[in-house]
Amino acid sequence: MKWEGNRKSDNVEDRRSSGGGLLGGRSIGIGTIVIALVGGWALGISPITILNLLSGGGDPSAQVQSQSPAQQPPADDRMAAFVSTVLADTEDVWKDLFAQSGASYQEPRLVLFRGSTQTACGQGQAAMGPFYCPADQRVYIDLGFYETLQNKLGAPGDFAQAYVIAHEVGHHVQNQLGISAKMDQMRGRVSTSDYNTLSVKMELQADCFAGVWAHHAQNARQILEQGDVEEAMNAAAKIGDDALQRAGGGAVVPESFTHGTSAQRQRWFDAGLKNGGIKACDTFSARNL
């Protein structure tokens with residue numbers, strides 16, 4: 001992926017110096033992710049709440065306790081620079097797309113943390129993987145996740161890392177469009193199985209939005225290099241619910257899926273990448289996911 005020399009976002013908060021938190025800055029284990037998925041289903045709690053707080057699970061009026069004054073990442077931190085550049089690129093794409101429909105895009109903030117950090121959705125932990133909190137409109141990521149993505153999930157490459165960020169920003173786009181609020185209204189009104197089905201549609205739409213970003217970023221700035229799309233497709237496959245459950249050594253339980261299968265995640269990312277339009281990402285109306 002061609003990213004060096006491109007604009008970096010100012011909307012990055014570095015909380016890594018505030019301490020390791022509950023997990024002490026350790027890399028995320030695949031077992032923890034699988035336990036969150038399967039355990040949440042078994043307890044009758046949507047694993048989406050455990051794994052990445054998609055729907056905001058906390059009180060939107062909750063105040064985020066600042067662990068330290070907001071700081072920018074060090075200028076010589078290459079990984080932070082990459083994240084800042086990808087975030088800036090998503091800002092440019094979504095600003096343009098919202099403007100084309102007469103709307104205004106409110107940029108999210110991205111928080112780098114280590115181990116755990118306080119959010120408006122509750123205590124965020126590295127074991128959740130990257131997540132988005134709609135209550136404070138922030139994307140949270142412990143960069144140790146990229147080590148997990150490469151070494152434990154078998155999804156290396158900088159564009160695979162960019163896809164992860166674009167997916168979480170996709171959840172912010174859903175929040176801006178009012179989709180997240182509608183999703184949250186369904187919590188408690190439908191069965192766990194039906195809510196998991198809605199969660200899958202929510203996640204696949206975020207995958208599609210990540211593809212929409214890649215489509216427009218490529219057209220505007222030619223960011224893609226040979227093999228980049230394959231990296232994103234591979235990452236999408238490795239973090240499918242079926243792949244994670246197999247990796248955990250357990251049975252594949254479709255009723256517990258909250259993110260979609262590997263094939264579904266690849267399909268919807270590809271749909272956004274090829275079409276480039278928001279309407280192409282209407283997973284909620286799709287007959288076949």
Side-chain angles (χ1 to χ4, degrees), residues 9 11-37 39-40 43 45-73 77 79-80 83-84 86-87 90 107-149 152-153 161 163-175 180-181 183-184 187 199 202-203 206 239 244 258-259:
S9 175
N11 292 312
V12 177
E13 226 177 283
D14 193 348
R15 297 185 188 173
R16 291 173 294 176
S17 62
S18 62
L22 298 177
L23 299 182
R26 293 177 292 177
S27 61
I28 306 128
I30 181 65
T32 304
I33 299 174
V34 175
I35 288 170
L37 283 167
L43 293 172
I45 303 171
S46 173
I48 202 169
T49 303
I50 301 173
L51 191 60
N52 79 356
L53 300 176
L54 171 61
S55 297
D59 179 0
S61 64
Q63 297 296 314
V64 179
Q65 297 176 359
S66 177
Q67 296 176 324
S68 61
Q71 297 180 356
Q72 292 288 311
D77 188 328
M79 194 67 249
V83 170
S84 300
V86 173
L87 182 64
T90 66
E107 300 170 352
R109 291 187 68 80
L110 188 148
V111 177
L112 300 175
F113 71 98
R114 182 176 291 113
S116 68
T117 191
Q118 186 65 31
T119 82
C121 297
Q123 189 76 6
Q125 298 183 15
M128 297 170 181
F131 63 92
Y132 172 70
C133 174
D136 58 23
Q137 299 190 55
R138 281 168 165 79
V139 172
Y140 292 86
I141 183 169
D142 182 323
L143 295 181
F145 175 77
Y146 287 143
E147 179 183 339
T148 298
L149 193 67
K152 296 185 179 180
L153 297 181
Q161 297 169 353
Y163 153 74
V164 170
I165 297 170
H167 172 91
E168 297 306 332
V169 171
H171 287 316
H172 177 69
V173 172
Q174 291 172 322
N175 192 26
S180 299
M183 178 74 174
D184 208 39
R187 190 187 299 276
S199 296
M202 190 83 165
E203 291 292 334
I239 56 179
L244 288 175
T258 59
H259 287 62

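Sequential numbering from 1 along the given sequence is applied to the chain's residues.
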Here's a test for you: under side-chain contact (heavy atoms from CB on, under 4.5 Å), which of N11, V12, L110, D14 qualifies with S84?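 Of N11, V12, L110, D14, side-chain contact (heavy atoms from CB on, under 4.5 Å) with S84 is met by V12 alone.
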Item to complete: Going by the side-chain contact (heavy atoms from CB on, under 4.5 Å) test, name the single residue among V83, V86, L87 that passes it with S9.
Response: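 It is L87, the one option of V83, V86, L87 that forms the side-chain contact (heavy atoms from CB on, under 4.5 Å) with S9.
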Donor-acceptor contact below 3.5 Å, side chain D142 vs main chain G115: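 Checking the backbone N and O of G115 against the side chain of D142, a donor-acceptor pair under 3.5 Å is found.
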From [atom1] ([X]) to [atom2] ([Y]), nearest 0.5 Å:
X    : Y    : atom1 : atom2 : answer
D184 : M202 : CG    : CE    : 8.5 Å
Q174 : M183 : CD    : CE    : 9.0 Å
T119 : Y140 : OG1   : OH    : 5.0 Å
Q125 : T117 : CD    : OG1   : 11.0 Å
E168 : Y163 : CD    : OH    : 9.0 Å

Mutual orientation of the aromatic rings belonging to Y132 and H172 [parallel < 30°, tilted 30-60°, perpendicular > 60°]:
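Y132 and H172: perpendicular rings.
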Do you know which two heavy atoms are closest between [X] and [Y], and how far apart they sit?
X    : Y    : result
Q118 : R15  : O-NH1, 2.9 Å
D136 : A120 : OD2-N, 3.1 Å
L112 : P73  : CD1-CG, 4.0 Å
F131 : G124 : CZ-CA, 3.5 Å

Close side-chain approach of Q71 to R16, heavy-atom, < 4.5 Å: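 They are not in contact (no side-chain heavy atoms under 4.5 Å apart), so the answer is no.
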Worksheet item: So Q137 and E107, side chain to side chain contact (heavy atoms under 4.5 Å, CB included) or not? Walk me through it.
Response: CA-CA 8 Å; Q137 299 190 55; E107 300 170 352; over 6 Å; no
